[in-house]
There are 2 protein chains.
Amino acid sequence: MTEPKTQGPAASPETGKKPARNGKANATIYDIAKLAGVNPSTVSRALSKPGRVSAKTQKLIEDAAAQLNYQVNPFARALPTGRTNTFGLIVADITNPTFFDIIRGAQITGTRRDYTLVLAESAESAVTELTAARRMMTTVDGLILASPRMDDDDIRALARDKPVVVINREVEDVPCVIPDVRKGIGEAVRSLAGNGHKKLAFVAGPARSWMSARRWEGAQAACEWSHLEAVRVESSKPTVDGGRQVARDVLATGATAVLTYNDLLAIGLMQELQAGGMAVPDQISIVGFDDIFGADFTTPPLTTVRSPLGECGAGAATRLLDLLQGSGEPAGTLRVETELVLRGSSGRVFPAG
Amino acid sequence: MTEPKTQGPAASPETGKKPARNGKANATIYDIAKLAGVNPSTVSRALSKPGRVSAKTQKLIEDAAAQLNYQVNPFARALPTGRTNTFGLIVADITNPTFFDIIRGAQITGTRRDYTLVLAESAESAVTELTAARRMMTTVDGLILASPRMDDDDIRALARDKPVVVINREVEDVPCVIPDVRKGIGEAVRSLAGNGHKKLAFVAGPARSWMSARRWEGAQAACEWSHLEAVRVESSKPTVDGGRQVARDVLATGATAVLTYNDLLAIGLMQELQAGGMAVPDQISIVGFDDIFGADFTTPPLTTVRSPLGECGAGAATRLLDLLQGSGEPAGTLRVETELVLRGSSGRVFPAG
DNA sequence: CAGCATTTGTCAACCGGTTGCCAAAACTTG
DNA sequence: CAAGTTTTGGCAACCGGTTGACAAATGCTG
């Protein structure tokens, strides 16, 4: 009776009544209970509550569970408890490399703590984002919003329902993870100043982007400190293409150094300037932002202010999971440091020609 | 009585007994039933089975549902039915840009058909992969494996349980989506031959990679056809770094053209060769594979054989969802076309010097 | 308008766990 | 060894939907 018969719990000849699993049906705590000669509730306790049953019974049940190759049914568990061991991550654009490290960071942290990641994309739309968030809310234990586009109030409304952590934006009363741009920008501007630059052009990102505003502020502050003149140039969109389009405006400013809202803009800008015959960094220095994948593929490789995206994702996940598991502060902002990554696209200013 | 009072169904003063939702608890079909004056099961039918209840009752129930802001509880639904409207995607490495587009393609297709994507990573390990797959199996309706590392048999075992679709590998009896490399490689080799190249070095990928084998076969066949000599060079790992390391071996072959297993290898190789003073493409032509994000950031931009990764992801998701919804063939392989993307890193062979 | 077929709604069981409450069992202690 | 305390396991209700079986209501036919 004790041999692990492979036929298991579903030995009935009638081919599976409800669950169309043609092979073996998954074992339930009832099967275990029968096999171990105890009550199902005891099995439930043995498997979830630590030390609620005697060591003897515990062993008995664990063996039976192992023998039947038992795995809890997450839905059955979720129904009465509301806990799903799942958390959501909503990003604006899956193909934007900025988010990839965030996704990875969150994914890894989640897996390590036995949580599953559910991913959704908002396609850069505030409406889609809110819809996705609402949909997810019923399914997950908590939510991470990376660079959300929706209103602060909507975010707070979601946060009232279940734990929410925001990345790359500061929302009052909601825990946030944001890169502190000051250090990185400071380093970048000091480096440029040290190389003799007098005027810096900042290529801004989307008008509604919270992060773009912070970066512009940071650039202004750092320039004041280092006695550089800072001018702002608007871009149509924060992509490689947007960077190409903005080249003309950048040149018009007469600046010898450029700091862009993100790396894609920097790459596009550099491509366009080089195509126009300008030498980087000899005639103009370019500094990007984020240090995305591929930032070092360019010639010269891109100098950039690194945003620790992976850390943001991991930090947000840690924060969220702490919240879910009862530890950790309810709100407050986690700041992660940015730093200058000095590569080839920035350097000494040369006399024209 | 008919006004939509915002206090909703949970007006009881005792602060939430089980569901810790401090605000309003979610409405259930029982609430709807009470409000509409029908039986809960009627509500269930009205909301899922089309035309099982009279138009009159239908309307009544829908109004009540709207009024209560009802949303089904996915777990409660999943428990008896087994359906979750969810599918899993397992990739070897989240940070590998090859998978970016696959993830996106699958995500978008899924969302469009009202399915949610659950993402997991195997960290390039066959064991982790199988574990993740097994875990997921209990939660999702079906699974997509992108470039799986596990054994064919393990994959088939999973496929016996629930629908599985494989990307970038062919597994018998399991539906697969694979890029057909012949066309793209053919175009690449013809282009090189047309530019006067006589000898092509192929930089191979991981020894166990199914795809690497296909690409090498394709290169050999195309070279034979175009009267080029093909030589194979092994790489330590399919990354930028691996590409740098293999530069010496590539030069040793004396080939004037190189085709690499993937773009990362090509980029690393190009960086190393350029650092050593070689001109690309004047002294050596380099062609990558996949056309990943960033392949055009290099100088010169990388010529590459594009693998329609997004299409693969979308195709796999479509396939899987068709399977889940009853339409579509049970197995068989979907082939997507590859094509040459001619950029600056390949061209005419010049006399040495 | 009786007799029959069809539509529509209800009842009740079920999916697979969790948990409050209680009694039996085991362990202390005087 | 009796009385009191602590463990331990069992009972049963519950989470929120789905669905087969059945009866009531409705429609159709002669």
Side-chain angles (χ1 to χ4, degrees), chain A residues 9-10 14 16-21 25-62 64-65 68-85 138-139 141, chain B residues 9-10 14 16-21 25-62 64-65 68-85 138-139 141:
Chain A
E14 67 253 23
K17 41 194 310 195
K18 186 83 63 47
R21 306 179 190 97
N26 285 7
T28 71
I29 57 168
Y30 296 89
D31 299 321
I32 298 178
K34 211 179 300 171
L35 187 60
V38 296
N39 190 281
S41 59
T42 306
V43 176
S44 173
R45 289 197 182 98
L47 265 28
S48 35
K49 304 271 193 294
R52 177 59 171 73
V53 303
S54 68
K56 193 163 86 261
T57 319
Q58 180 83 27
K59 176 90 172 58
L60 200 64
I61 289 172
E62 274 171 4
L68 293 175
N69 205 291
Y70 171 78
Q71 281 190 265
V72 291
N73 179 325
F75 305 109
R77 172 171 285 176
L79 194 45
T81 61
R83 280 176 287 107
T84 66
N85 264 244
T138 63
T139 319
D141 290 347
Chain B
E14 67 252 24
K17 41 194 307 198
K18 187 81 61 48
R21 306 179 192 96
N26 285 8
T28 72
I29 57 169
Y30 295 89
D31 299 323
I32 298 178
K34 211 178 299 171
L35 186 59
V38 297
N39 191 284
S41 58
T42 306
V43 176
S44 173
R45 289 205 177 89
L47 264 28
S48 35
K49 305 268 193 294
R52 176 59 171 74
V53 301
S54 67
K56 194 164 84 264
T57 318
Q58 181 84 28
K59 175 90 172 60
L60 202 61
I61 290 172
E62 275 170 3
L68 294 176
N69 204 292
Y70 172 77
Q71 281 190 266
V72 290
N73 179 325
F75 305 109
R77 172 172 285 174
L79 194 45
T81 61
R83 281 177 285 107
T84 66
N85 263 246
T138 62
T139 319
D141 290 347

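Below, read A as the first sequence line, B as the second, and so on, with proteins coming before strands; counting in each chain starts at 1.
Taking 4.0 angstrom as the limit, Y70(B) places a side-chain polar atom (N or O) nearer than this to OP1 or OP2 of dG17(D). Regarding contacts with the backbone of dG10(D), a side-chain N or O of T42(A) is found under 4.0 angstrom from either OP1 or OP2. Between N73(B) and dC15(D), a side-chain N or O to OP1/OP2 separation shorter than 4.0 Å is absent.
Contact of S41(B) with dC11(C) (side chain to base): a donor-acceptor pair of N or O atoms is detected under 3.5 Å.
For A64(A), the side chain to side chain contact (heavy atoms under 4.5 Å, CB included) partners at least two apart in sequence or on another chain are I32(A), L35(A), A36(A).
Across the protein-nucleic acid pair, R83(A) atom CZ and dT19(C) atom C1' stand 11 Å apart, rounded to whole Å. Remark: P of dG9(D) and CG of L60(A) are 10 Å apart, rounded to the nearest angstrom. Here dA23(D) presents its C1' atom at 13 Å from CG of N39(B), a figure rounded to the nearest Å. Atom CG of L68(A) is separated from atom P of dG16(C) by 14 Å (rounded to the nearest Å). The NZ atom of K34(A) sits 14 Å away from the C1' atom of dG16(C) (whole-angstrom rounding). Between the C1' atom of dA25(C) and the NZ atom of K56(A) lies a distance of 10 Å, rounded to the nearest Å. Atom pair Q58(A):CD and dT7(D):P shows a separation of 16 Å (rounding to whole Å applied). Distance CD1 (I61(A)) to P (dG10(D)): 8 Å, rounded to an integer number of Å.
At least one side-chain heavy atom of P74(A) sits under 4.5 Å from a side-chain heavy atom of T138(B).
Checked against dG16(C), dG9(D), dT18(D), the side chain of A76(A) finds its nearest nucleotide in dG16(C). In the set dT10(C), dT8(D), dT18(C), the nucleotide with an atom closest to the side chain of I29(A) is dT18(C). Checking dG17(D), dG16(C), dT19(C) against every side-chain atom of Y30(B), the shortest atom distance belongs to dG17(D).
Between R45(B) and V53(B), the closest heavy-atom pair is CB-CG1, 4.1 Å. The shortest non-hydrogen separation linking V38(A) to T57(A) is CG1-CG2, 4.1 Å.
Residues from residues 43-52 of chain A lying near DNA chain D, meaning a heavy-atom separation below 4.0 Å, are R45(A), R52(A) in numerical order.
Rounding to the nearest 0.5 angstrom, the gap separating the CG atom in L79(B) from the OG1 atom in T84(B) is 12.5 Å. Rounded to the nearest 0.5 Å, atoms CG (L47(B)) and OG1 (T42(B)) are 11.5 Å apart.
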Walk me through whether I29(A) and Y70(A) qualify under side chain to side chain contact (heavy atoms under 4.5 Å, CB included). CA-CA 8 Å; I29(A) 57 168; Y70(A) 171 78; 3.4 Å; yes
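Looking at which nucleotide of DNA chain D each of L79(A) and T57(A) is closest to, the 5′-most match is held by T57(A).
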